[in-house]
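Below is one structure, written out as structure tokens, with a few remarks after it.
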Amino acid sequence: MAKDKPQNIANLEDPAKRETFRNMFKKFGVVLVGSIVGQSMILSRSARAAEALRPPGALPDLEFDSSCIRCGLCVEDCPYDILKLASWADPAPQGTPYFVAREEPCRMCKDIPCVKACPTGALDRHMTDIKKADMGVAVLVDHETCLNYKGMTCSICWRVCPIRDEAITLEPIKSEKGRLLIPTVHSDTCTGCGTCEKHCVLSEAAIRVLPRELGLGLSGRNAVGRS
Amino acid sequence: MLRIGRSLYRHRWLLTRRTVQIAILLAFIVHIPSYGKIAEGNLSSSLWFGELKLTDPFILLQSFFAGSSIAMPALIGALIIGSFYAFFAGRLYCSWVCPINLLTDLAYWLRKKLNIKGNMSLSRSLRLWVLALALALSFLGGTLAWEMINPITRFQRELIWFSFSGAMLLGALFLFDLFVSRRAWCGHLCPVGAFYGLLGRYGRLKVTATPTEGCDSNGCSRCVAVCPEPHVLAPVVSKQTKSVTSGDCTRCGACLDECHEGSLSMKLDLVGMVTRKAGN
């Protein structure tokens with residue numbers, strides 16, 4: 001026992017060993033700080049804003065974020081140049097493609113070149129019918145300013161809709177203003193292309209394309225009630 | 001005339017490299033009438049001549065870590081790129097393709113011109129940790145973590161779509177390389193370079209030394225002085241090995257331009273591959 005003791009001390013005092021431990025702890029420190037900073041950067045990044053719509057065939061947001069490699073091939077293959085890759089200040093995660101319907105809506109090309117261009121499947125190439133696309137859903141968000149609600153038959157949203165009389169229909173109702181024709185969106189056929197939003201005659205559109213989870217209600221097992 | 005010729009010869013590797021680098025960059029930008037662009041997309045994934053699909057294996061790896069399944073076109077593209085670099089040399093990407101190299105080389109050149117001495121020393125293995133961190137964060141965050149920063153694709157995005165907001169990072173990177181730490185980005189921090197370094201660890205394209213009298217006698221070491229990764233040349237200069245074997249070598253050819261003795265050459269070492277196998 002007595003003999004072992006000095007040897008132990010010699011081991012602990014070994015400068016090379018100390019150096020190794022110091023280096024190791026330093027590296028752990030760097031990794032720890034790095035992962036905390038990185039993780040908080042990832043968590044605090046701005047989510048996609050409601051007005052930034054994904055190209056047709058895009059996977060749901062979380063999956064899209066992991067499979068889109070930000071190459072911009074969809075952007076370049078869009079014949080109408082409506083798609084953009086998000087920069088830092090833009091309303092979508094950096095480098096990902098988006099469009100803003102009020103500026104330029106999706107023209108719903110029959111051959112869907114953007115989807116064909118995608119190398120990773122972030123835009124799902126199994127979607128071959130553009131009418132099955134789901135970029136969002138049009139919602140008549142403002143009943144106060146919509147001209148049809150005021151009794152004027154503007155109906156521009158209904159007229160420009162590429163899936164007219166299916167995605168938007170005009171439903172007559174009677175009110176104290178007389179007979180109103182109310183533009184009514186049918187969420188199962190609306191692709192969210194945004195043509196209605198683009199052409200709404202008001203200075204801010206009364207009809208807007210929203211992500212489905214924002215734009216639609218969902219009835220529970222009962223027709224009323226939350227669950 | 002002779003002088004110009006000699007000067008060109010003295011910079012033959014640099015000039016070739018810049019030509020390739022700029023040609024690749026222009027291929028993504030220049031719109032040829034009635035043909036379109038030679039390359040579409042950017043360095044993360046591109047379509048060349050309307051046919052050839054190429055994908056960056058590192059970005060695809062991040063996507064995989066983030067939990068995405070890998071689609072066929074991207075996988076094939078990544079295999080083409082991956083096997084090219086694995087066979088020749090991984091960090092060829094850094095010195096012959098990557099546009100950020102233009103920026104950091106400019107910073108280094110200015111640093112020498114302005115005689116800036118201050119240098120924060122960073123570990124060369126730091127980039128490996130950044131690489132590990134990028135993949136770990138991709139896994140944890142479910143997103144392509146490095147693509148939130150990656151100045152390579154950002155450079156192309158900002159350049160091609162002429163937006164300014166993201167150019168800040170490039171400016172910061174340039175200033176950091178210029179004033180704070182010598183060759184900080186490409187030599188110490190960038191995980192893309194680290195990835196390609198690992199990928200092309202056993203690349204066959206090698207800077208090889210053939211001892212000449214001049215090199216033996218005066219030991220000028222000018223090659224080491226110009227090398228962006230000087231540690232890779234050390235074993236060659238001290239005559240421990242005949243060729244550069246480190247994966248960190250970017251095959252930029254700066255040493256070949258600088259060597260006036262003709263002792264260094266770039267060789268495709270296929271024999272080494274065979275003998276290695278035979279030896280085992």
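Sequence lines set the chain letters: A, B, ... in the order given, protein chains first and strands last, and positions in each chain run from 1. All values below come from the heavy atoms of this structure, side chains included, with hydrogens, waters and symmetry mates left out. Please read all numbers here as calculations on a predicted model, not as lab measurements.
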Over 12 foreign heavy atoms within 6.0 Å of CG, A/Leu62: no
Residues, nucleotides or ligands: over 12 heavy atoms within 6.0 Å of B/Arg183 CZ: yes
Interface residue of largest heavy-atom contact number with chain A, from B/Ala136, B/Ser46, B/Gly142, B/Ala145, under 4.5 Å: B/Gly142
Derivation and outcome, side-chain contact (heavy atoms from CB on, under 4.5 Å), residues B/Leu144 and A/Arg70: CA-CA 9 Å; B/Leu144 279 60; A/Arg70 286 87 164 139; 4.0 Å; yes
OH (B/Tyr35) with more than 12 external heavy atoms under 6.0 Å: yes
Inter-residue atom distance B/Asn42.CG - A/Leu85.CG, 0.5 Å rounding: 7.0 Å
Exam field: side chain B/Ser44 to backbone A/Ile69, donor-acceptor pair closer than 3.5 Å: yes
Any donor-acceptor N/O pair, A/Glu76 side chain to B/Glu40 backbone, under 3.5 Å: no
Shortest non-hydrogen separation from B/Ser63 to A/Ser66 and the atoms involved: OG-O, 2.8 Å
Min side-chain heavy-atom separation B/Ser45-A/Leu73 under 4.5 Å: yes
Side-chain heavy atoms of B/Pro73 within contact of A/Arg125, under 4.5 Å: yes
Within 6.0 angstrom of A/Phe64 CZ, more than 12 heavy atoms from elsewhere: yes
Nearest atoms (heavy-atom pairs only) where B/Leu137 meets A/Gln39: CD2-N, 3.7 Å
Side chain, backbone, both or neither of A/Cys68 within contact of chain B (heavy atoms, under 4.5 Å): backbone
Which of B/Ser69, B/Ala71, B/Gly67 touches chain A most, by non-hydrogen pairs under 4.5 Å: B/Ala71
Atom pair CG (B/Leu60) and OG1 (A/Thr120), whose distance is rounded to the nearest 0.5 Å: 8.0 Å
Greater than 12 external heavy atoms within 6.0 Å of B/Phe139's CZ: no
Heavy-atom contact with chain A under 4.5 Å, split by part of B/Thr55: side chain
Minimum side-chain heavy-atom gap A/Ser35-B/Leu133 below 4.5 Å: yes
